[in-house]
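Right, one structure below, let's go through it.
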Amino acid sequence: MSDDRQPAASKMNSSIRENLLDRMRNTHQSSERNRMARSEREVPTAVRRTQMRFEDLPEYKQVQTQEAASAQLGIDNPFYRAHATAAGATTVINGRELINFASYDYLGLNRHPHVLGKANDAIGTYGISASASRLVAGERPVHGELEERIARFYGVDAAVCFVSGYLTNVAAISCLLGPKDLVVHDEFIHNSALAGIKLSGATRRLFKHNDAHDLETVLRTVSGDYRRILVIVEGIYSMDGDVANLPAILKLKAEYGFWLMVDEAHSLGILGRRGRGTFEHYGIDPKEVDIWMGTLSKTTASCGGYIAGNAALASVLKATAGGFVYSVGLAPALTAAAIGSLDILENEPERAAALRRNGTLFLKLAQEAGLDTGLSAGFSVVPVLVGDSLRAVQLSNDLLTAGINALPIIHPAVPEGLARLRFFITSEHTEEQIRKTVMLTAEKLKDLTDRNFGLASIDIQQMMKLMAAR
């Protein structure tokens with residue numbers, strides 16, 4: 001006669017499993033049960049509600065308004081155009097070769113044989129993906145090598161690499177700061193830093209752009225209630241192309257006692273005699289800055305981001321930063337490409353020198369042509385302020401027709417009235433390309449201005465009819 005009863009060991013294992021699941025559910029769901037209980041007390045009866053359609057979102061309405069305005073004036077969308085070649089000083093769109101000022105390839109390393117060779121070797125050895133978080137099974141020798149190289153480049157103890165430059169700011173700031181802390185930032189700081197601050201729950205204060213005096217005014221008003229205070233600036237500001245007044249900020253740091261974070265996305269490989277960044281530009285000790293942040297997608301012709309600084313800082317981020325712990329490791333090929341780019345940056349400082357010469361030339365010619373270059377110092381980024389968003393878009397399109405690719409920055413990325421074309425300068429641009437671009441930009445902008453082309457020329461009633469017809 002068969003016995004259907006489970007063996008004693010199987011019963012025990014089942015019991016242990018159920019107990020474990022119960023403990024896990026209790027741990028993860030206790031706060032949710034408490035929240036639901038409070039909600040039930042506050043709302044005794046169920047409320048029937050209608051789910052909003054995505055088509056009714058105000059954000060979508062704004063997109064439609066911009067599209068309708070562009071349609072009325074016959075403006076093509078300048079964004080998301082497919083490039084048929086690698087990024088560089090030239091590009092190919094729709095079969096046409098164009099002078100390209102919309103690439104982050106500051107030192108011309110995106111197609112460099114040494115960089116490509118490093119990436120190909122990594123693919124041959126490790127495949128395409130790290131295939132796991134580095135914490136578990138995604139760690140490869142190239143990851144540690146890149147982090148050691150970045151730390152050595154900055155003259156600090158350690159570095160941590162993330163799979164995205166945007167994620168680097170979000171993960172690091174939200175990891176290090178919390179609701180009891182304060183972040184004070186330049187008013188023109190990158191959106192990724194703002195996202196990190198919001199996620200952290202920290203109190204946020206801003207100071208006037210690149211104004212150390214106003215930063216001090218803000219710091220003076222800070223009470224002693226905050227557990228930690230972080231000040232965030234950019235080495236070269238991505239929208240305006242000016243350089244942070246780091247010496248003045250460090251003087252305030254000595255007096256007011258805060259962590260200082262410097263975003264080097266657009267200054268690594270650009271500032272300083274050997275392209276080592278803002279600290280070399282000013283001749284300061286890099287260890288005076290607590291957190292160096294940067295991206296790998298620009299000078300180092302790869303993708304991802306990094307934090308460099310104190311060894312304890314790196315340990316904390318590797319152990320607790322969600323964007324590191326719960327994200328796949330940086331692809332080995334991208335890691336190796338960044339290492340190859342650092343090789344060239346260290347061995348060929350003439351590339352950084354060529355970039356600085358080109359940036360200086362572009363800025364000088366643009367100002368002589370009467371173009372408004374705003375605050376740019378003439379390094380890696382030179383904006384040409386247009387003001388009107390639609391005029392900026394059309395200027396971009398007119399330059400494309402003339403053989404130049406330069407993209408507009410419009411509302412809401414910048415306030416209406418501050419729309420611009422943003423020119424990324426590289427070491428590979430020729431003097432002829434720069435002169436031609438500045439001349440055509442001035443000519444095309446003058447024509448649009450003389451015709452009063454832009455928001456002021458829109459027929460509002462016609463635009464509303466176009467929107468209603470959609």
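The chain is numbered in sequence order, starting from 1.
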Please confirm whether the backbone N or O of [Y] pairs with a side-chain atom of [X], one donor and one acceptor, at under 3.5 Å?
X: Arg420; Y: Met239; value: yes
X: Arg134; Y: Val325; value: no
X: Ser376; Y: Thr373; value: no
X: Ser396; Y: Ala392; value: no
X: Gln367; Y: Asp372; value: no
X: Glu280; Y: Arg276; value: yes
X: His190; Y: Tyr166; value: no
X: Asp447; Y: Lys444; value: no
X: Asp290; Y: Leu260; value: yes
X: His83; Y: Thr85; value: no

Would you please test Thr295 and Lys298 for side-chain hydrogen bond (donor to acceptor under 3.5 Å, both in side chains) and show each step? CA-CA 7 Å; Thr295 56; Lys298 299 174 178 66; 3.2 Å; yes
About how many Å separate [atom2] of [Y] and [atom1] of [X], when rounded to the nearest 0.5 Å?
X: Ile291; Y: Leu313; atom1: CD1; atom2: CG; value: 5.5 Å
X: Phe379; Y: Ile236; atom1: CZ; atom2: CD1; value: 6.0 Å
X: His209; Y: Asp186; atom1: NE2; atom2: CG; value: 5.5 Å
X: Thr299; Y: Leu342; atom1: OG1; atom2: CG; value: 9.5 Å
X: Thr300; Y: Ile150; atom1: OG1; atom2: CD1; value: 7.5 Å
X: Arg357; Y: Ile434; atom1: CZ; atom2: CD1; value: 10.5 Å

Go through it in stages, so that I can follow the logic: the residues are Glu431 and Arg435, the test is salt bridge (Lys or Arg N to Asp or Glu O under 4.0 Å), and I'd like the CA-CA distance, side-chain angles, deciding distance and then a yes or no. CA-CA 6 Å; Glu431 181 176 338; Arg435 289 185 180 277; 2.9 Å; yes
Are the side chains of [X] and [Y] in touch, meaning some heavy atoms are under 4.5 Å apart?
X: Ser297; Y: Ser302; answer: no
X: Leu399; Y: Leu421; answer: yes
X: Ile307; Y: Met261; answer: yes
X: Ile344; Y: Leu107; answer: no
X: Thr437; Y: Ile99; answer: yes
X: Glu147; Y: Val160; answer: yes
X: Asn310; Y: Lys287; answer: no
X: Leu252; Y: Leu215; answer: yes

Scan Phe101, Tyr104, Phe362 and name whichever one has a ring-ring contact (aromatic ring centres under 6.0 Å, His included) with Phe424. Tyr104
Determine the minimum heavy-atom distance between [X] and [Y], stating which atoms define it.
X: Trp259; Y: Arg228; answer: CH2-CD, 3.7 Å
X: Leu177; Y: Ala202; answer: CB-CB, 4.3 Å
X: Gly304; Y: Leu330; answer: CA-CD1, 4.3 Å
X: Val381; Y: His266; answer: CG2-ND1, 4.0 Å
X: Asn358; Y: Thr426; answer: ND2-O, 2.9 Å
X: Ile425; Y: Tyr106; answer: O-CD2, 3.1 Å

Taking [X] first and then [Y], would you say they form a salt bridge - that is, a charged N and a carboxylate O separated by under 4.0 Å?
X: Glu216; Y: Arg220; value: yes
X: Glu428; Y: Arg351; value: yes
X: Arg111; Y: Asp105; value: no
X: Glu346; Y: Arg149; value: yes

Working for side-chain hydrogen bond (donor to acceptor under 3.5 Å, both in side chains), residues Asp263 and Tyr237: CA-CA 9 Å; Asp263 182 335; Tyr237 284 89; over 6 Å; no
Determine whether more than 12 heavy atoms belonging to other residues, nucleotides or ligands lie under 6.0 Å from atom [atom1] of [X].
X: Glu432; atom1: CD; value: no
X: Asn94; atom1: CG; value: no
X: Tyr326; atom1: OH; value: no

For the residue pair [Y] / [X], report whether a side-chain donor-acceptor contact shorter than 3.5 Å exists.
X: Thr221; Y: Arg205; answer: yes
X: Asn245; Y: Asn210; answer: no
X: Gln62; Y: Thr65; answer: no

Evaluate Thr91 against Glu97 for side-chain hydrogen bond (donor to acceptor under 3.5 Å, both in side chains), listing each step before the verdict. CA-CA 6 Å; Thr91 190; Glu97 184 173 85; over 6 Å; no
